[in-house]
Amino acid sequence: MHLLVNIDHVATLRNARDEGVPDPVEAAQICEQYGAKGIVFHLREDRRHIRDDDVKRLKKVVQGKLVFEMAATDQMMDICIDTQPHIATLVPESREELTTEGGLKMKKLTERFGTHVIPRLKTYDIKSSLFVDPVEEDIRLCAEVGAEAIELHTGMYANAEDDRKQDELMRLKEAAVLARDLGLIVNAGHGLNFFNITPLLKAIPHLEDISIGHALISDAVFNGLGNTVQRMAKIIESHNTHTNGT
Ligand code: PXP
């Protein structure tokens with residue numbers, strides 16, 4: 001199992017001022033330096049966080065797996081093929097959503113994915129991973145259209161109240177076993193954090209890539225904030241001491 005870090009929300013913070021910091025590419029380098037086996041980014045149609053130039057820069061510096069999350073539009077397919085990531089994770093996307101809200105509804109996509117999207121990615125040696133809910137029909141269709149992997153949507157498990165958590169975990173487990181039996185690599189992501197990760201890893205030992213973003217970037221704000229404020233407070237205090245002393 002490998003941790004892949006999604007750095008989209010470093011870009012969200014950067015875009016709030018649009019002055020270049022914090023740089024998601026620098027974040028990617030730090031994540032890899034401290035144990036991430038790869039980096040995930042989602043280039044959205046509205047470019048609300050990661051932008052085209054970030055993609056080019058990430059491609060240059062990421063040493064481990066580079067995962068390009070995207071809606072399978074013609075424009076994104078072209079950018080993905082130019083970028084040559086290791087994996088393209090295909091997700092549904094709508095402009096109004098705050099974050100990806102669910103897995104691909106495979107029934108509607110079978111024709112296009114099977115004849116166009118996945119064969120085209122394969123031609124360029126890019127593996128496809130399909131982001132799906134733990135639903136048997138969707139998983140069977142992922143295998144049918146020729147995807148190499150699925151990413152199980154763990155959002156329902158992550159957001160479930162305590163009395164529903166175990167049921168959601170079992171749904172994920174059954175789906176993961178089915179996917180493996182169909183020859184698919186099984187990845188997982190969405191809503192994972194320090195509290196819900198361990199039961200998932202225990203329930204599904206054959207997970208390959210675990211993609212985590214928001215919880216890690218949020219935790220990093222608090223874990224780093226104390227040090228950062230201390231550093232600035234010291235500069236100002238030492239300036240005070242210096243000025244008072246003259
Ligand atoms: N996997 C997919 C397909 C996603 O859309 C997202 C959110 O961008 C993630 C994983 C990461 O989710 P989170 O930010 O909640 O960890």
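Bear in mind that the values here come from a model prediction, so they are computed numbers and not experimental data.
Cluster membership for Met106 and Met156, using ILVMFWY side-chain heavy atoms within less than 4.5 angstrom, is not shared. The cluster map of Ile, Leu, Val, Met, Phe, Trp and Tyr, joined by side-chain heavy atoms under 4.5 Å apart, puts Val186 and Val177 in different clusters. When hydrophobic clusters are built by joining Ile, Leu, Val, Met, Phe, Trp and Tyr residues whose side-chain heavy atoms come closer than 4.5 Å, directly or via intermediates, Val40 is not grouped with Ile79. Linking Ile, Leu, Val, Met, Phe, Trp and Tyr residues whenever their side-chain heavy atoms come within less than 4.5 Å leaves Phe41 and Leu13 in two separate clusters. Val91 and Phe113 fall into different hydrophobic clusters, where Ile, Leu, Val, Met, Phe, Trp and Tyr residues are linked whenever their side-chain heavy atoms come under 4.5 Å apart, directly or through other members.
By the 6.0 Å contact criterion, NZ on Lys108 is open, its count of non-hydrogen atoms from other residues, nucleotides or ligands being 12 or less. The local environment of NZ in Lys173 is sparse, with at most 12 non-hydrogen atoms from other residues, nucleotides or ligands closer than 6.0 Å. Surrounding CD of Gln33 are more than 12 heavy atoms belonging to other residues, nucleotides or ligands, all under 6.0 Å away. Other residues, nucleotides and ligands contribute more than 12 heavy atoms inside 6.0 Å of the NZ atom of Lys165. Within a 6.0 Å sphere centred on NZ of Lys56, other residues, nucleotides and ligands contribute 12 heavy atoms or fewer. Heavy-atom contacts from other residues, nucleotides or ligands closer than 6.0 Å to CG of Asp162 number 12 or fewer.
Side-chain contact between Leu172 and Ile204: present, with at least one pair of heavy atoms (C-beta onward) separated by less than 4.5 Å. Counting heavy atoms from C-beta on, the side chains of Lys122 and Glu148 come closer than 4.5 Å. Pro24 places a side-chain heavy atom less than 4.5 Å from the side chain of Ile50. Proximity of Leu43 to Met70: side-chain heavy atoms (C-beta onward) are nowhere separated by under 4.5 Å. When side chains are defined from C-beta on, Pro92 counts as touching Phe131, because their heavy atoms get closer than 4.5 Å. Contact annotation: the side chain of Arg171 approaches that of Val135 to within less than 4.5 Å [non-hydrogen atoms, C-beta and beyond]. The shortest side-chain heavy-atom distance between Arg48 and Thr12 does not fall under the 4.5 Å cut-off. At a threshold of 4.5 Å between non-hydrogen side-chain atoms, the residues Leu200 and Leu207 count as touching.
Note on ring orientation: taking the six-membered ring where Trp is involved, the planes of His9 and His214 are perpendicular (angle over 60°, cut-offs 30° and 60°).
Listed here is the closest heavy atom pair of Leu192 and Ala215: O-CB, 3.3 Å. Of all heavy-atom pairs between Leu66 and Pro85, the closest is O-CB, 3.4 Å. Here the shortest heavy-atom pairing between Cys142 and Leu184 reads CB-CD1, 4.3 Å. Pairing each heavy atom of Ala175 with each of Ile139, the nearest pair is CB-CD1, 3.3 Å. When all heavy atoms of Asp133 and Gly103 are compared, the closest pair comes out as OD1-N, 3.1 Å. Across all their heavy atoms, Ala179 and Ile150 have their closest contact at CB-CD1, 3.5 Å.
For the pair Asn6 (side chain) and Ser211 (backbone), a donor-acceptor distance under 3.5 Å is absent. Between the side chain of Asn227 and the backbone N or O of Gly224 there is no donor-acceptor pair closer than 3.5 Å. Judged purely by atom type and a 3.5 angstrom limit, Glu93 uses its side chain to pair as donor or acceptor with the backbone of Glu45. Side-chain N or O atoms of Asn187 include none that pairs as donor or acceptor with a backbone N or O of Glu151 at under 3.5 Å. Between the side chain of Ser128 and the backbone N or O of Ala88, no donor-acceptor pair lies under 3.5 Å. Under a 3.5 Å cut-off, the side chain of His206 and the backbone N or O of Ala176 do form a donor-acceptor pair. With hydrogens and angles disregarded, a donor-acceptor distance shorter than 3.5 Å links the side chain of Asn196 to the backbone of Gly191. Lys127 places no side-chain N or O within 3.5 Å of a backbone atom of Ala149 that could act as its donor or acceptor partner. Judged by distance alone, the side chain of Arg47 and the main-chain N or O of Arg44 form a donor-acceptor pair under 3.5 Å. With hydrogens and angles ignored, the 3.5 Å screen pairs a side-chain donor or acceptor of Asn193 with a backbone N or O of Phe195.
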*Would you please test His42 and Thr89 for side-chain contact (heavy atoms from CB on, under 4.5 Å) and show each step?*
CA-CA 9 Å; His42 184 175; Thr89 298; over 6 Å; no
*Where do Arg120 and Asp78 land on the salt bridge (Lys or Arg N to Asp or Glu O under 4.0 Å) test, with the steps shown first?*
CA-CA 10 Å; Arg120 188 159 175 234; Asp78 289 345; 2.9 Å; yes
*Show your reasoning for whether salt bridge (Lys or Arg N to Asp or Glu O under 4.0 Å) applies to Glu144 and Arg140.*
CA-CA 6 Å; Glu144 233 169 77; Arg140 289 192 183 282; over 6 Å; no
*Give the C-alpha distance, both sets of side-chain angles, the deciding distance and a yes or no for side-chain contact (heavy atoms from CB on, under 4.5 Å) between Glu26 and Val10.*
CA-CA 10 Å; Glu26 194 180 336; Val10 179; over 6 Å; no
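Checking each of Leu130, Thr115, Val117 against Val145 for a side chain to side chain contact (heavy atoms under 4.5 Å, CB included) leaves exactly one that passes, namely Leu130. The residue from Lys65, Lys37, His86 that alone fulfils the side-chain hydrogen bond (donor to acceptor under 3.5 Å, both in side chains) condition with Asp209 is Lys65. Paired with Glu32 under the rule side chain to side chain contact (heavy atoms under 4.5 Å, CB included), one option of Val61, Val5, Ile39 passes, and it is Ile39.
A salt bridge is defined here as a Lys NZ or Arg NE, NH1 or NH2 lying under 4.0 Å from an Asp or Glu carboxylate O, and Arg57 with Asp54 meets this definition. Taking 4.0 Å as the cut-off between side-chain N and carboxylate O, Lys234 and Glu237 do not count as a salt-bridged pair.
Between the CG atom in Leu178 and the CG atom in Leu182 there is a gap of 4.5 Å [rounded to 0.5 Å]. Once rounded to the nearest 0.5 Å, the distance linking CZ of Arg14 with CG of Asp23 reads 6.5 Å. With rounding to the nearest 0.5 angstrom, the CZ atom of Phe68 is 11.5 Å from the NZ atom of Lys59. Once rounded to the nearest 0.5 Å, the distance linking CD of Glu69 with CG of Leu4 reads 11.0 Å. With values rounded to the nearest 0.5 angstrom, Glu137 atom CD is found 5.5 Å from Leu141 atom CG. Between atom CG of residue Leu109 and atom NE2 of residue His116 there is a gap of 12.5 Å, rounded to the nearest 0.5 Å.
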